[in-house]
Structures are given as structure tokens and as C-alpha cells.
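If you read the sequence from its start, that first residue is 1, and numbering goes on from there. None of these values were measured; they are calculated from a predicted model.
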Amino acid sequence: GVPRLRRVVLSARDARLRPALPVVELVATPVLVEVEIDPADLPMRRRMRLAVDPAGIATLHLGRIDRVRLEVVLRRTARTVTVGARALRVFALRIPLPGRVLRRRIAIDRLPQGVRLTGVRTGVGVVRVSAVLDRWSTPITASALGDVAAALAAGATELVLPCGRASER
């Protein structure tokens, strides 16, 4: 299935309101996107589980045995995410591994048109994925338009929009 997103932040450099009937559309180009995903929600092979501890260290758990795990790092390349083993952890013992041991590349070939992956990293208990959208838009209802216009007039640097149907075109 599709992983649940914990948090999504869109940062627009050029945002504007565009009249469209019966609603006004908020349009932005380009848009920086940062998504936080719970590691437990990521699709994994059977009997594998990814966890990220409070220090942001990712570990791959094999089966039900929590005492033996691989410490991994996530890296982004042009169209892939590389998962590489950095250390083997057995109980409290940490055994560093050579850099090229147990590396797996995951192709990122199903991104929508106009989306470019820019980063993958871990945070406190989450995996953070960042990307750039060429263009993004969402309808603004008449009831929300006044709040958006007032916030923009006051020089707001952040807008919190109600969740609804958003589209990237």
C-alpha cells in the first residue's frame, strides 16, 4: 500500500491567486516539498522492518529478532535511493561494516511528471523525503479566500490551507 504521511510542508517561491469560477486557485511555481513518513509505513520485504530511533539512526530489523539489526544510511542519486549497511548491531555491540557491503538501490521511476526527488534522510523517528514540483495548485473556497488574502496582506510567510483536492500540473 501507499505509506501514510505524517507531515507535508510545501514551500513556494512564487505563489499567486488565479481567478477561476466558481473558486479561486492558489498557484505556485516552483514548490519545495518535504514529507515525513513513519518508517513502519514504508513497504518492506517480508519479515523486514525499518525503524528510526530518536537520534535519527535507521536500523533494519530482520524478522522478529530485535537484538540483531543492521544500521543503514539512505542516500539519493539521480533516479534512485540507495540503502547501505553501515554497521551490524548485536545486542549493545556495534560492528562497523565496509562501505560497499550490503548496498541496495531502489529505482524511483514512478514519480509524477514535473516532480524531482531532491533528498532522502532520517529524522527523529521519521524518514524525510524532499522534492521539487515544477507547478502546484489548489482551489481556495470563498470562505477561505478572505483568510488567505488577509494573511498575504499582513506579510505572512506561512499559510495553513484546509486539506482538500490539490493538484500539480
**Q** Does a salt bridge link Arg16 with Glu25, judged by any charged N lying under 4.0 Å from a carboxylate O?
**A** no

**Q** For Thr80, check side chain to side chain donor-acceptor pair (under 3.5 Å) against everything at least two apart and list the hits.
**A** Thr77

**Q** May I ask whether Val68 and Leu70 are part of the same hydrophobic cluster, defined by side-chain heavy atoms of I, L, V, M, F, W, Y residues being less than 4.5 angstrom apart, directly or through others?
**A** yes

**Q** Mind checking side chain to side chain donor-acceptor pair (under 3.5 Å) for Thr82 and listing every partner two or more places apart, or none if nothing turns up?
**A** none

**Q** Tell me every residue that passes side chain to side chain contact (heavy atoms under 4.5 Å, CB included) with Leu93, counting only those two or more places apart in sequence or in another chain.
**A** Ile95

**Q** Quick check on the hydrophobic clustering: are Leu50 and Met48 connected, directly or via other members, by side-chain heavy-atom contacts under 4.5 Å?
**A** yes

**Q** Do the side chains of Val126 and Val33 join up, straight or via other hydrophobic residues, at under 4.5 Å, putting them in one cluster?
**A** no

**Q** Roughly how far, to the nearest 0.5 Å, is CG of Leu26 from OG1 of Thr138?
**A** 7.0 Å

**Q** What residues form a side chain to side chain contact (heavy atoms under 4.5 Å, CB included) with Val129, not counting sequence neighbours?
**A** Ile37, Leu117, Val127

**Q** To the closest 0.5 Å, what do you measure between CZ (Arg128) and CZ (Arg121)?
**A** 5.5 Å

**Q** Hey, quick one: are Val81 and Val72 part of the same hydrophobic cluster, counting side-chain heavy atoms closer than 4.5 Å, chains of contacts allowed?
**A** yes

**Q** Which residues satisfy the side chain to side chain donor-acceptor pair (under 3.5 Å) test with Arg75, sequence neighbours excluded?
**A** none

**Q** Got a sec, which residues hit salt bridge (charged side-chain N to carboxylate O under 4.0 Å, His left out) with Asp38, two or more places apart in sequence or on another chain?
**A** Arg6

**Q** Do you know which two heavy atoms are closest between Ala85 and Leu97, and how far apart they sit?
**A** CB-CD1, 3.9 Å

**Q** Sequence neighbours left out, what passes side chain to side chain donor-acceptor pair (under 3.5 Å) with Ser130? Give chain and number order.
**A** Thr118

**Q** Other members of the hydrophobic cluster containing Leu32, with the 4.5 Å side-chain heavy-atom rule, please.
**A** Val132

**Q** Are the side chains of Leu62 and Arg69 in touch, meaning some heavy atoms are under 4.5 Å apart?
**A** no

**Q** Restricting to salt bridge (charged side-chain N to carboxylate O under 4.0 Å, His left out), what partner residues turn up for Arg67, sequence neighbours left out?
**A** none

**Q** Restricting to salt bridge (charged side-chain N to carboxylate O under 4.0 Å, His left out), what partner residues turn up for Arg49, sequence neighbours left out?
**A** Asp66

**Q** Which residue pairs satisfy the side chain to side chain donor-acceptor pair (under 3.5 Å) criterion with at least one member in residues 87-97, sequence neighbours excluded?
**A** Glu71-Arg89, Glu71-Arg94

**Q** How about Trp136 and Leu10: do any of their side-chain heavy atoms sit closer than 4.5 Å?
**A** yes

**Q** Side chains of residues 52-59: which donor-acceptor pairs under 3.5 Å do they make with residues two or more places apart or in other chains?
**A**
unit_1 : atom_1 : unit_2 : atom_2 : d
Asp53  : OD1    : Ala55  : N      : 2.9
Asp53  : OD1    : Gly56  : N      : 3.0
Asp53  : OD1    : Ile57  : N      : 2.9
Thr59  : OG1    : His61  : NE2    : 3.0

**Q** Show the nearest heavy-atom pair for residues Gly125 and Pro39, with the distance to one decimal.
**A** O-CD, 3.3 Å

**Q** Identify which one of Val83, Leu74, Val73 satisfies the side-chain contact (heavy atoms from CB on, under 4.5 Å) criterion when paired with Val120.
**A** Leu74

